[in-house]
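Chain letters run A, B, ... following the sequence lines, proteins first, then strands; residues in each count from 1. Treat the numbers as computed from the prediction; the structure is a model and nothing was measured.
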Number of protein chains: 2
Amino acid sequence: MNTVIESKHRLERKPDKTRRLILEAAYQEIYHHGYQGMRLDVVLSATGLTKGALYHHFPNKQALGYAVVDEVIYGLVQQLWTQPLAASEEPLGTLIHFIGHIGEIFGPDIATYGCPVNNLAQEMSPIDEGFRIRLDQVYLKWRGDIQQALERAQRSGDLRGDLNCGHLANFVLASISGCIGAAKNAQSLEQLQNCGAMLVDYLQSLRTP
Amino acid sequence: MNTVIESKHRLERKPDKTRRLILEAAYQEIYHHGYQGMRLDVVLSATGLTKGALYHHFPNKQALGYAVVDEVIYGLVQQLWTQPLAASEEPLGTLIHFIGHIGEIFGPDIATYGCPVNNLAQEMSPIDEGFRIRLDQVYLKWRGDIQQALERAQRSGDLRGDLNCGHLANFVLASISGCIGAAKNAQSLEQLQNCGAMLVDYLQSLRTP
DNA sequence: TATTTTACATACCGACTGGTATGTTTTCCA
DNA sequence: TGGAAAACATACCAGTCGGTATGTAAAATA
């Protein structure tokens, strides 16, 4: 009977898949409404699960938020920045291309909802130390990736040798976040293009003459 | 009798002063906890007033939030940016000095809690159009002030003439916000100094040779 | 295969929080 | 000066939301 098959299918249990499902849904809600704006009921109805599942995998809302940072956001940075930059044979060009085409690479959501990392950091860093240290880890990694890309560009002669790559990576990351934030405030992809283009111009001016 | 004097004093009514008191307390709460994190009871206990007063001056929480943008935040930008830049006889130098000494000028809170304008814009722009348009007005003003300062610097020969001051003002504002945000994430004034110094270096490189 | 443990679902609670209804005291004005 | 309107205070309500207690079926284990 159909109902038997359906019920059987629905009762299949894949705990790690369920956990991941909750994490992804929570990530989306946090991205769109912030951590404080995220409602557990909404997360659950998005997954089709109930509170029993959620509180089996996570002790409380805060732990879920922490896990989103550690297991979703950190992986996102690794996938979208660490790997492409490490794989590139012309890291400065790749970095510049990323900044100049943020809208195309990351999708238009970036101008509507901003940067997922920065959003959460801005909201939670001052009021929850647990979030702050976890997000600081993400930024440490992200900044390190950019710094390494810049240092490689220096060694290959693309980037001026007198520059402090640590400070520069820091500034580039801050400026990217700032440009995305400005675009989000204005709700304008064009604003993001303009702002990114200025940062690109600046980086181009730092190439070896 | 003492009680008579006290009660008399407590019952003095200055409606516009009361309204302003609520606005300032609400601003502080929004600055520290965000709009969604602001609790009306906390605002009231900070002022010593009760709900009767609040709902006499504002129809609801949203209207209070809007009023904070229009009547507190807008005025803050005008006081801290519009006036100093307009009064300066060397606007580029003033702008650079501002950026290089954000911590000293605006106090250490800027590295702890971030920029009040950007905080609220990042939180509310995507989810409340009323906030977005009001904060967009603030940014329009702010950006215009910087643009005018840059244009004056151009006319006086301090700044390179081939630069688009609108785009530059936009980028400078975004980068400042980004630097403050990065410092807030790291909870580090030193981070703010470093990041600001990079932006200062960039602006210095744009002076006429 | 029997039994324990895991992985959920269901129902419910209590605190919080924005908002309202009503009362009371000033202040304003005719 | 007396009454109306403004400026508050007090008490209370209703919905929301994180969290819990309990039940039950699947999966692991022995």
Side-chain angles (χ1 to χ4, degrees), chain A residues 1 3-26 29-30 32-68 123-124 127-128 130-131, chain B residues 1 3-26 29-30 32-68 123-124 127-128 130-131:
Chain A
M1 246 152 110
T3 52
V4 175
I5 293 170
E6 266 190 24
S7 74
K8 224 181 178 181
H9 189 265
R10 293 199 180 182
L11 292 173
E12 279 175 9
R13 291 181 171 176
K14 306 170 182 174
D16 42 354
K17 213 164 194 175
T18 299
R19 180 190 160 88
R20 188 71 199 173
L21 195 69
I22 296 172
L23 281 173
E24 306 265 10
E29 276 299 304
I30 290 176
H32 288 165
H33 302 295
Y35 170 78
Q36 300 183 82
M38 169 181 71
R39 305 300 167 204
L40 298 182
D41 292 350
V42 177
V43 172
L44 290 173
S45 69
T47 61
L49 296 164
T50 61
K51 291 204 166 173
L54 185 120
Y55 280 92
H56 175 73
H57 288 282
F58 305 96
N60 50 40
K61 182 183 178 180
Q62 189 183 50
L64 174 60
Y66 288 176
V68 166
E123 179 191 3
M124 298 307 295
I127 58 179
D128 189 298
F131 272 102
Chain B
M1 246 151 115
T3 52
V4 174
I5 294 170
E6 266 189 24
S7 73
K8 223 182 180 181
H9 189 266
R10 292 195 181 184
L11 293 172
E12 279 175 10
R13 291 181 172 177
K14 305 170 183 175
D16 41 354
K17 213 163 195 176
T18 299
R19 180 190 160 89
R20 188 70 198 175
L21 195 69
I22 297 172
L23 281 173
E24 306 265 10
E29 276 298 305
I30 290 176
H32 288 166
H33 302 293
Y35 170 77
Q36 300 184 83
M38 168 181 72
R39 305 298 167 205
L40 298 182
D41 292 350
V42 177
V43 172
L44 290 173
S45 69
T47 61
L49 295 165
T50 60
K51 292 205 165 173
L54 188 126
Y55 281 92
H56 175 73
H57 288 281
F58 305 96
N60 50 39
K61 182 182 178 181
Q62 189 183 51
L64 174 60
Y66 289 176
V68 166
E123 180 191 3
M124 298 307 295
I127 58 179
D128 189 299
F131 272 103

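- Within the structure, the side-chain hydrogen bond (donor to acceptor under 3.5 Å, both in side chains) test picks out the following pairs touching residues 33-48 of chain B (sequence neighbours left out): Gln36(B)-Glu123(B).
- Annotation: side chain of Leu54(B) is not in contact with side chain of Leu49(B) (no heavy-atom distance under 4.5 Å).
- Using a 4.5 Å heavy-atom threshold, the side chains of Tyr55(B) and Leu40(B) count as touching.
- Distance NZ (Lys17(A)) to C1' (dC8(C)): 17 Å, rounded to an integer number of Å.
- Atoms CG (Leu64(A)) and C1' (dG19(D)) sit 14 Å apart, rounded to a whole Å.
- Listed pair Thr18(B) / dA7(D) fails the phosphate criterion, with no side-chain N or O lying under 4.0 Å from OP1 or OP2.
- As a whole-Å value, the separation of Ile22(A) CD1 from dA7(C) P is 12 Å.
- Of the side-chain N and O atoms in His56(B), none sit less than 4.0 angstrom from OP1 or OP2 of dC8(D).
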TODO: Using a 4.0 Å cut-off on protein heavy atoms (strictly under), produce a 5'-to-3' string for nucleotides 18-24 of chain C with B for base contact, S for backbone-only sugar-phosphate contact, and - for none.
DONE: BBB----
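- Atom CG of Leu44(B) is separated from atom P of dC8(D) by 12 Å (rounded to the nearest Å).
- The side chain of His57(A) places no N or O atom within less than 4.0 Å of a non-bridging phosphate oxygen (OP1 or OP2) of dT6(C).
- One atom, NE2 of His33(B), and another, C1' of dT17(C), lie 15 Å apart when rounded to the nearest Å.
- At a threshold of 4.5 Å between non-hydrogen side-chain atoms, the residues Asp128(A) and Tyr66(A) count as touching.
- Taking 4.5 Å as the limit, every side-chain heavy atom of Thr18(A) sits out of range of all side-chain heavy atoms of Arg13(A).
- When all heavy atoms of Ile127(B) and His32(A) are compared, the pair lying nearest together is CG2-O, 3.6 Å.
- Separating the CD atom of Glu12(B) from the C1' atom of dA9(D) is a distance of 17 Å, rounded to the nearest angstrom.
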